**Q** 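So that we are looking at the same thing, I have put the structure below in structure tokens.
Remember, predicted model here, so these are calculated numbers, not experimental data. Computation of the quantities below employed the complete heavy-atom set of this structure, encompassing side-chain atoms and omitting hydrogens, waters and symmetry-equivalent molecules. We name chains A, B, ... by the order of the sequence lines, and we start the count at 1 in each one.
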There are 2 protein chains.
Amino acid sequence: MLKKNNSTPLYNQLVDVLIEHIKTNLDIDEKMLSEREICLKYDVSRTTVRAALNELEEMGYIFKRHGKGTFVSGLWKEMQNLSEAYSFTEQMKQLGKIPHSQVLSLEYIVANQDLAKNVGIQEGEHVYKMKRLRSADGMPMMYETTFIPAYLFPDLTISKLESMPLYELYPQVYNQDIKYADEEFYASVLQAKESEELGLPAGSACLRIRRTTYSQENKIIEYTLSVARGDQFVYKIRHSKK
Amino acid sequence: MLKKNNSTPLYNQLVDVLIEHIKTNLDIDEKMLSEREICLKYDVSRTTVRAALNELEEMGYIFKRHGKGTFVSGLWKEMQNLSEAYSFTEQMKQLGKIPHSQVLSLEYIVANQDLAKNVGIQEGEHVYKMKRLRSADGMPMMYETTFIPAYLFPDLTISKLESMPLYELYPQVYNQDIKYADEEFYASVLQAKESEELGLPAGSACLRIRRTTYSQENKIIEYTLSVARGDQFVYKIRHSKK
DNA sequence: GAGTGGTCTAGACCACGGT
DNA sequence: CCGTGGTCTAGACCACTCC
């Protein structure tokens, strides 16, 4: 069943096998095999089994009860929608829409004190400032202003920006792998100028988003301010108790 | 250093010790002791050390690099602000404001098909419907409509609801421990009637929130629709890559 | 090659839930 | 009492990074 000399770890193989088993054979709240039974069935140690079960628990497939057993959770269906994706391109593709980004401007500027703080550099260093209009199936969806520290991204050009999504450009061209992104957002209404860009009446509901993206080395690689159509963006999050 | 016959697990004790060590002695990006060094220093097995380090990594205190070592992350400062709290009462207290909830109405109703689905019961079963106006330092902040399945919460009364916050009532009075809550929200504008409740002009920005709260047994214990002042609520979330 | 984190084994004892 | 998940040990080998 499991291949011991495979490059993928045993517990990851076990995760895949168990997910398949759950999806095809088990219902919600149904009891699974015990940890020791899984050990015997797949000929692996209990450490390996527990590593796999922990993964499954984090993914929302199962939950455990001390002294009782392990049970199917059936949350994985809902989990699918809960956005792990923070890329506009990916989000739109998931919704079955064709994303498009139009670069409206690209400037090479000097950071003032406030901007320097937000992109993690010293005052006076250089930053690229880019404005983009992002659409899905031809409908304007959001208007973004992005700041990128120049020291990490030399020779940024519009042609590079238009060649691929920003979140592919970072790792593939500039060797900057994304670790995580923090977002703050709040409800607001469109101002006159913004309403023109998005083709909506002034006073329409919108979501204002402030995003800071960090690299594996904990450097800020992007700081973005967005204005998104309120009628098109629904955020989903899960608060877990401990 | 660590107490082997303590009721709290060794790896949890180790977590506390290491957090204290990081906070007092180490800077961001500084290298920590290796796993094997920690084994020797505290006289525990590597399994125990790795359990503790995994906790620390999840909490944002450290990050690991295969072949290089374990390093201080310094994200825990920011993490504090990223909302784990999904209770209005707790949120307001953290901001140093005095929260108040006024129960406007409490009804005992029969669920139609749509409502039944949202609270996880059968059509025709009973549900409590409650409306609340929530304020901070006397300022109306949000207007909530909450649905609670009656079978889990017999004899719900206004006096019970006013005696303590809902998220304390669930576990303490009805023995329903919260597992997690899912929230969906989007930007909108206040309608005429809502603007009266909140004391704001019609057309003001607002956040519309839909929350479903689940118990440890995966039962829905609350379904809430909220309208919150757009100028007072900022959501913060973190998207982690893998 | 030396040191690191990543995976894995084959045991052990404990605490909890139900019979 | 037995079976469950929770914790813990003392090893082992692998893959990665740097010298």
**Q** Could you tell me which residues satisfy side-chain hydrogen bond (donor to acceptor under 3.5 Å, both in side chains) with A/Ser159, sequence neighbours excluded, listed by chain and number?
**A** A/Thr157
**Q** Step by step, would you call A/Arg50 with A/Glu35 a salt bridge (Lys or Arg N to Asp or Glu O under 4.0 Å)?
**A** CA-CA 7 Å; A/Arg50 283 180 62 78; A/Glu35 297 181 352; 2.9 Å; yes
**Q** Working note: B/Phe71 + B/Met32, criterion side-chain contact (heavy atoms from CB on, under 4.5 Å); need CA distance, chi angles, decisive distance, verdict.
**A** CA-CA 5 Å; B/Phe71 304 85; B/Met32 297 197 35; 6.0 Å; no
**Q** May I ask you to verify if any side-chain N or O of B/Lys68 is less than 4.0 angstrom from the OP1 or OP2 atom of D/dC16?
**A** no
**Q** Using a 4.0 Å cut-off to any heavy atom of chain B, which nucleotides of DNA chain C are the first and last in contact, reading 5' to 3'?
**A** C/dG3 to C/dT7
**Q** Whole angstrom is fine here: how far is it from NE2 in B/His66 over to P in D/dC18?
**A** 12 Å
**Q** Just checking, is any N or O donor in the side chain of A/Asn54 or A/Lys64 under 3.5 Å from an acceptor N or O on the other one?
**A** yes
**Q** Identify whether any heavy atom of B/Arg65 sits under 4.0 Å from a base atom; if not, whether one sits that close to sugar-phosphate; answer base, sugar-phosphate or nothing.
**A** sugar-phosphate
**Q** If you pin B/Lys31 and A/Pro9 to their nearest nucleotides in DNA chain C, which one's is more 5'?
**A** B/Lys31
**Q** Whole Å only: how far is the CD1 atom of A/Ile38 from the P atom of D/dT4?
**A** 11 Å
**Q** Would you tell me whether B/Thr224 and B/Glu144 have side-chain atoms, one donor and one acceptor, within less than 3.5 Å of each other?
**A** no
**Q** Could you say whether A/Thr48 or B/Ser34 is positioned toward the 5' end of DNA chain C, judged by the nucleotide with the nearest heavy atom to each?
**A** B/Ser34
**Q** What's the CZ-C1' distance between B/Phe63 and D/dT17, to the nearest Å?
**A** 15 Å
**Q** Assign B/Thr47 to base, sugar-phosphate, or nothing according to its heavy-atom contacts below 4.0 angstrom with the strands shown.
**A** base
**Q** Suppose we call two aromatic rings close when their centres sit under 6.0 Å apart. Are B/Phe147 and B/Tyr128 close by that rule?
**A** no
